[in-house]
Amino acid sequence: MRSISILGATGSIGASTLDLIRREKDQWRVVALTANSNAAELAKLAREFSAEIAIVADEAQLPALRDALGGSQVETGGGLVALNEAAARPADITIAAIVGCAGLAPTMAAIENGGTIGLANKESLVSAGEVLMASVVKHGATLLPVDSEHNAIFQCLAGNKLSQVRWITLTASGGPFRDWTHEQLALATPAQAVKHPNWDMGAKISVDSATMFNKGLELIEAYHLFPVGLDKIRIIVHPQSIVHSMVEYRDGSTLAQLGPSDMRVPIASTLAWPLRMDTPCEPLDLAAIGTLTFRAPDEDRFPATKLARQAAEAGGATPAVLNAANEIAVAAFLAGHTGFTRIAAHVETVLTRYTPPPPASLDDVYAVDAEARVHARALLELV
Ligand code: NAD
Ligand code: MG
């Protein structure tokens, strides 16, 4: 029996994780399940999985959560302090699946426990890369990448040395607009952006996939997880999302990981690591798929990957500013306050206007993140 906490249990990654746990319930003990504000859904999950504790980050939802869990054994809590305390409860594995930099503090709390962290919440690694990785080392935690590309790379690196790597190649679906013209992109709506052709995901990452910021964030994520140097990490567009990423070695061998476009595969690989577990996913039928295609990314129509690479090169606080500005711009786009192509333009402007010194601590990262959001909101005239 292993214990598990899921931060962001009501989201897309949370649901996929719980779907796998549900199939072998007798092997898991659920410690903490958390959500932002959906108390009803969280309560339902907490009851189903007999969680030790359920937390809503939005404290105003705590009475609703308490009501919904009345008569059960599940402890409840609300607000950020309660969220961090729950994340700090010992668990064999914690799935960090909150969206955005909001996941940073609870993810850090879990890391400080020294257990195993399945990291889906890429924004925390983008914003606090050095600080987070240093904490992993300091507390002897094991960081396993859930993001499909990084999970693929992790698998392709098994048994090999980073020093032998020639290239790490991140594959990108290119998102729903990969063949759209500049003119079409300028008119793209939120409903169109969240309809991803291959993956069923939360709204924020779906918009990120459409702008290619998702791949930009993943470039920075890969840079921290697999320290081969930025110049050895590249991106290729692969519309079928079957090859999840690749590692080429100095001898010319390229190892790739293939699988269906279903996050339960990388999540299962994380949950069972270093073993394997069953998933309900259909076996890969390459004969039916027939063709796998690859092409270079178009950074003219999708400048996000270029901005992310520049931010990673600049280092220090720049990736945290990029991430915060993007989070604000994506929320503004989803709310109908700004256009699709304005997202990258907006991030670029915030990056030129706000250039804080490198963060030395977690508190510095939070301060940079908060201040970047103020700049980003002001620029969008949201304040
Ligand atoms: P989602 O929007 O479906 O779910 C997000 C979860 O975080 C929900 O449980 C929500 O209640 C919680 N949450 C949101 N804001 C919060 C806040 N301020 N405080 C506390 N909790 C909050 O998102 P998702 O698609 O599951 O993505 C989660 C993370 O995993 C993201 O970082 C995303 O980039 C990453 N990821 C997702 C996928 C995918 O297929 N969905 C793939 C790779 C990586
Ligand atoms: Mg990914």
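All of these numbers come straight from a predicted model, not from anything done at the bench. Just follow the structure's listing: the first ligand is 1, and inside any ligand the first atom is 1.
- No N or O atom of T34 sits closer than 3.5 Å to an N or O atom of ligand 1.
- Closest to atom 6 (C) of ligand 1, if we only count protein heavy atoms, is A97 O, 3.6 Å.
- Counting heavy atoms only, I13 comes closest to atom 37 (C) of ligand 1 of the residues V146, D58, D262, I13.
- N36 N, 2.8 Å is the protein heavy atom nearest to atom 11 (O) of ligand 1.
- Across V99, I95, N198, heavy-atom proximity to atom 5 (C) of ligand 1 is greatest for V99.
- No donor-acceptor pair closer than 3.5 Å links the side chain of H375 to the backbone N or O of R353.
- Looking at K122, M201, E218 and measuring to atom 34 (O) of ligand 1, the nearest heavy atom belongs to K122.
- Geometric assessment of R234 against the ring of W167 yields a positive cation-pi assignment under the 6.0 Å and 45° thresholds.
- Y249 and F154 fall within the same hydrophobic cluster, where Ile, Leu, Val, Met, Phe, Trp and Tyr residues are linked whenever their side-chain heavy atoms come under 4.5 Å apart, directly or through other members.
- Per-residue contacts place A120 under 4.0 angstrom from the following atoms of ligand 1 (heavy atoms of the residue considered): 30 (O), 32 (O), 35 (C), 36 (N), 44 (C).
- Sparse packing is recorded around CZ of R342, with 12 or fewer heavy atoms of other residues, nucleotides or ligands lying under 6.0 Å away.
- Of the protein's heavy atoms, S12 N, 2.9 Å lies nearest to atom 3 (O) of ligand 1.
- Only protein atoms were considered; those of element N, O or S under 2.8 Å from the Mg ion (ligand 2) number 3.
- Side-chain atoms of D147 do not come within 3.5 Å of backbone N or O of E149 as any donor-acceptor pair.
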